[in-house]
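So that the names make sense, note that chain A is the first sequence line, chain B the second, and so on, each numbered from 1.
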Amino acid sequence: MNKYIQELNESQKAAVLHKEGPMIIIAGAGSGKTRVLTYRIAHLMNQNIDPFNILALTFTNKAAREMKERIANVVGTSEAKNLWMGTFHSVFARILRSEADHIGFPQNFTIYDTQDAVRLITSIIKEMELDKEKYKPKQILARISSFKNSLITVRAYFGNPDLIEADKMAQRPKVGEIYHQYVERCFRAGAMDFDDLLLRTNELLTRFPAVLSKYQQRFKYILVDEYQDTNHSQYLIVKALADRFQNICVVGDDSQSIYAFRGANIQNILNFQRDYDNVQIFKLEQNYRSSKNIVQAANSVIEKNKTKLDKEVWTANDEGSKVKVKQTVNEVTEGRFVADSIFDHKMNDHLKNSDFAILYRTNAQSRALEDALREKDIDYVIYGGISFYGRKEIKDVVAYLRILINPNDEEALKRIINYPARGIGATTIDKLAVAANHYKKSIFEILENLDQYDLNFNSGTRTKLLNFVTMIQHFQIEAQTKNAFEVAEFVIKQVRFIKDLEQDGTPEGVSKVENVQEILNKVKNFTEEQKEKAEDDSLAHFLETAALETSSDVATKDDKPRVSLMTIHLAKGLEFPYVYIVGLEENLFPSAMSMTTRSELEEERRLFYVALTRAEKQAYLCHAQMRYRWGKLVDCEPSRFLEEIDEKYLENLTTVNHKPVQNKFINEDIFGSVPQDRIRFKKPIQRTPVKPTSAPKVEFQPPKNLKKVVKTTNNPINLFDANISVGAIVSHTKFGKGEVLSLEGSGANQKAEIRFASVGVKKLLLQFAKLTIIS
DNA sequence: ATCTGCCGAGTTTTT
DNA sequence: CTCGGCAGAT
């Protein structure tokens, strides 16, 4: 028996050793799923199965890389090299490249990111002269995306009266037409969006039996990680490929399905046993990651979900300390609490920054945390958020590179045809776009043969356009002899990107220059690494990698240990000794957008479960009494998830009864001094009481009189919850002076009836009204 | 054609 | 608060 097998428990071992046929591994959080997957692959290879015949689909590129490394440790680097491992999107993008001609795409097709897709939809809506209030590009794209993920093609859409009817009812009868246009335009541009990578793969495998057969033959063993987060399109691809040999191994945890919003179908994992014959089921239920308190606290929450598979996660680990709950006044104090707590743990327990993670529901929450960490000089790294490739200056550089590879790429062309400014304005571009549509060509094709079309350009415009084309063609010729890095460098120099940015001299300009230099570095590193590995180092491949880079893939420049900040979605699959989950408030987590249906709420609950189970030793759950959202101060109620945790696993750090704050993290830092700004909390400013209404019954009820202590800003005055009383004279930014006639409601719902001299009596929600008190 | 500045709108999560 | 869109001036 091989050595690595001995490291496994009985159920893990069974899952690793099982050889042929369909199998599902239900892997509870922290149950050694990755270990099983890597050892299973290594074991297959030790059984003389050619790595060339193994396909492993992971959720992130990072997961793929790490797993590959671990496998290489067992079987050797050269052996592991032939394994095909990656995300659905990157694996099938590569397959599509080599098979592109079957479905009429150029080999160097572009991958449109979400921004490109939205822009394209926007122009289509404009061209069709539709009301963009009714047809919101983002929503339309979301709808198209859901069609694609369910394999509803344009033709299928028009053959389905229910869908057409639904869009009519939603006052959007033209959705089908937009969809049609969108697909057309992508096709003409030689571009695929993220969903196309899966949809077109399905097309390829369905329409071309020989191709299907080729890949079935090749991928004799297929493994799919995070199966609970696959969508219908992915499901069908897997099913098609596995059909021949039925050696399909899926791994997942229904309790951690958190991507329904992008089409993930939890039914895929729930129904796996029905989809394949003679399915072997393996359950990994022992958690090796977390303390008893954490595991049981998490279990007590997830129990509230109705839709789930039968499994019982347990651990033999120590009891550990209880999950700590902390209430703070606002997001600033929340950040400070976290930073102070991390600081203390580091000092007392000799820990590194990398032992800590801060998890939140939305990216926007990171700012307050960053500020607090910086104040304490704690190094951190943010995952996700606005990605490097999402920045304007980077998109501009990349657009030039994209055009070289695929000149039909319309979105890239539109970005750069007049950047830097070369006198080609909106009217000119519109004319070109209209002509392109009319002749069913790409804009670049029109430009290349400008003389053949009668477009009424004056000679100045014509010259500018011809110069542009010549420039691009010149770049293309250079690209034939230069490697990716040299091309990028050449283009940036020619276009005088950096000079342009340097001229503006602002700090933003400086950072943009740095970013442009950074993209050059990236191309350089890519070229060198690929060359080392004797793999594809073309510019086209670089662009593909860039387009499919996941937000969790970002690497930091140095190897300083850093506190990790990320959304919970990105934290899936990761683990940290100390985890802070912040913003546990109603309408934030669970999100206000996901509280209408039971299934949405269950997904939020799974998300919370994921968050909690990231922690090994200690979890902190933080919530604030109020925070700025949309630039406005709003009252926050503690999240229902806090109440759902069985109390016996919790310790409340929040001081009640108005006693001075006792928690050591709050009250004293290690130097024994109490920062000034925190002393203020002990002397809350009294405010005239608003007419009490029945407060909702909540555990962790905040001590109300702490409110309104911290003024984070003094510009827009929101009177909500402030000193307003009947009879007061106020001034409104729009309506002018008025008198308060009556008040009703409280908190976020407090309304005032005000008589204005200009417009008469109005009822205003104080939360939003821009009022100042005059007397 | 381009630049500036204002207004208004919208912010969940991501390949 | 932060983008994006648009109107108006140059």
Side-chain angles (χ1 to χ4, degrees), chain A residues 57-64 86-93 111-115 117-119 122 126 132-133 136-139 142 145 148-149 192-198 226 229-231 233-234 257-264 359-365 367-368 383-387 389-392 418-429 458 460-461 464 504 544-553 566-572 583 587-595 600 603-604 606-608 610-611 627-633 712-713 715-716 733-734:
Chain A
L57 297 166
T58 58
F59 201 71
T60 63
N61 296 312
K62 190 171 157 222
T87 62
F88 272 90
H89 290 87
S90 59
V91 165
F92 295 110
I111 298 172
Y112 275 175
D113 65 16
T114 310
Q115 207 185 111
V118 171
R119 288 178 116 154
T122 309
K126 220 182 234 166
K132 67 174 171 1
E133 289 310 304
K136 296 195 172 155
K138 267 191 193 156
Q139 284 178 17
S145 169
K148 287 184 177 174
N149 285 329
M192 297 198 200
D193 66 16
F194 291 133
D195 304 318
D196 286 331
L197 295 175
L198 307 174
E226 309 282 9
D229 282 322
T230 51
N231 63 32
S233 202
Q234 293 168 322
S257 168
I258 54 176
Y259 280 95
F261 71 91
R262 69 172 210 220
L359 308 181
Y360 37 77
R361 180 66 178 80
T362 67
N363 284 306
Q365 287 166 258
R367 179 166 288 186
Y383 292 87
I386 310 147
S387 83
Y389 290 102
R391 293 168 199 276
K392 184 186 174 302
N418 198 32
Y419 183 84
R422 43 177 80 88
I424 302 172
T427 31
T428 308
I429 297 169
N458 64 38
T461 309
K464 288 170 190 162
D504 88 11
E544 178 190 308
T545 318
L548 297 175
E549 182 176 273
T550 47
S551 8
S552 52
D553 289 338
M566 66 188 94
T567 64
I568 299 160
H569 282 89
L570 283 183
K572 192 173 72 161
N587 294 324
L588 182 57
F589 191 14
S591 158
M593 319 294 288
S594 310
M595 304 208 305
E600 281 176 339
E603 176 145 317
E604 293 285 309
R606 290 193 294 268
L607 195 54
F608 180 58
V610 169
R627 75 171 62 230
Y628 272 94
R629 292 186 76 186
W630 310 289
K632 301 224 163 64
L633 194 58
T712 322
T713 174
N715 23 337
T733 47
K734 223 189 210 154

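- The distance from atom CG of N231(A) to atom P of dT14(B) is 17 Å, rounded to the nearest whole Å.
- If you check every strand for non-hydrogen atoms under 4.0 Å, F88(A) touches nothing.
- Using a 4.0 Å heavy-atom criterion, one finds that R367(A) contacts the sugar-phosphate atoms exclusively.
- Between F261(A) and H569(A), the ring-plane angle classifies as perpendicular under the 30° and 60° cut-offs.
- For the side-chain contact (heavy atoms from CB on, under 4.5 Å) test, residues two or more places apart in sequence or in another chain that qualify with S145(A) are N149(A), D195(A).
- A heavy-atom distance below 4.5 Å is not found between the side chains of L197(A) and F92(A).
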Could you walk me through whether K138(A) and T114(A) pass the side chain to side chain contact (heavy atoms under 4.5 Å, CB included) test, one step at a time? CA-CA 9 Å; K138(A) 267 191 193 156; T114(A) 310; over 6 Å; no

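- Put simply, OH on Y628(A) is 13 Å from P on dT2(C), counting in whole angstrom units.
- Toward the 5′ end of DNA chain B lies the nearest nucleotide of T461(A), the other residue of the pair T461(A) and T567(A) mapping further downstream.
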Using nucleotides 8-10 of chain C, report all nitrogen or oxygen pairs with the protein that are shorter than 3.5 Å.
none

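- At least one side-chain heavy atom of H89(A) sits less than 4.5 Å from a side-chain heavy atom of Q234(A).
- In this structure the side chain of F59(A) reaches within 4.5 angstrom of the side chain of D229(A), judged on heavy atoms.
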Please report the C-alpha distance between I111(A) and L548(A) in whole Å, then the side-chain angles of each, then the deciding distance to 0.1 Å, and finally whether the side chain to side chain contact (heavy atoms under 4.5 Å, CB included) criterion is met. CA-CA 8 Å; I111(A) 298 172; L548(A) 297 175; 4.1 Å; yes

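- The interatomic distance linking E549(A) (CD) with dT14(B) (P) rounds to 14 Å, in whole Å.
- T114(A) comes within contact range of at least one nucleobase, with a heavy-atom separation under 4.0 Å.
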Where do N or O atoms of nucleotides 9-12 of chain B meet protein N or O atoms at under 3.5 Å, pair by pair?
residue: dG10(B); atom: OP1; partner: K136(A); partner atom: NZ; Å: 3.1
residue: dT11(B); atom: OP1; partner: K138(A); partner atom: NZ; Å: 3.3
residue: dT12(B); atom: O2; partner: R361(A); partner atom: NH1; Å: 3.1
residue: dT12(B); atom: O2; partner: R361(A); partner atom: NH2; Å: 2.1
residue: dT12(B); atom: N3; partner: S594(A); partner atom: OG; Å: 3.3

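- Between the NZ atom of K572(A) and the C1' atom of dT15(B) there is a distance of 11 Å, rounded to whole Å.
- Scanning for side-chain contact (heavy atoms from CB on, under 4.5 Å) contacts around T427(A) gives an empty result, with sequence neighbours left out.
- In this structure E226(A) satisfies the salt bridge (charged side-chain N to carboxylate O under 4.0 Å, His left out) test together with K33(A), K572(A), sequence neighbours excluded.
- Taking a 6.0 Å sphere around CZ of R422(A), one finds it holds more than 12 heavy atoms contributed by other residues, nucleotides or ligands.
- Between F194(A) atom CZ and dT14(B) atom C1' the separation is 8 Å, expressed in whole Å.
- Separation of the C1' atoms belonging to dG5(C) and dT12(B) is 24 Å when rounded to the nearest angstrom.
- If you measure from atom CD of E603(A) to atom P of dT14(B), you get 13 Å, rounded to the nearest angstrom.
- The shortest side-chain heavy-atom distance between T567(A) and Y360(A) falls under the 4.5 Å cut-off.
- Looking at N231(A) and L198(A), their side chains come closer than 4.5 Å, going by heavy atoms from C-beta outward.
- Comparing the same atom, P, in dG4(C) and in dT13(B) gives a spacing of 16 Å after rounding to whole Å.
- Between the CG atom of D113(A) and the P atom of dT15(B) there is a distance of 12 Å, rounded to whole Å.
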Heteroatom pairs (N/O) under 3.5 angstrom, protein to nucleotides 2-7 of chain B:
residue: dT2(B); atom: OP1; partner: G423(A); partner atom: N; Å: 3.1
residue: dT2(B); atom: OP2; partner: N418(A); partner atom: ND2; Å: 2.9

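- Residue Y383(A) contributes atom OH, which lies 19 Å from atom P of dT13(B) at whole-angstrom precision.
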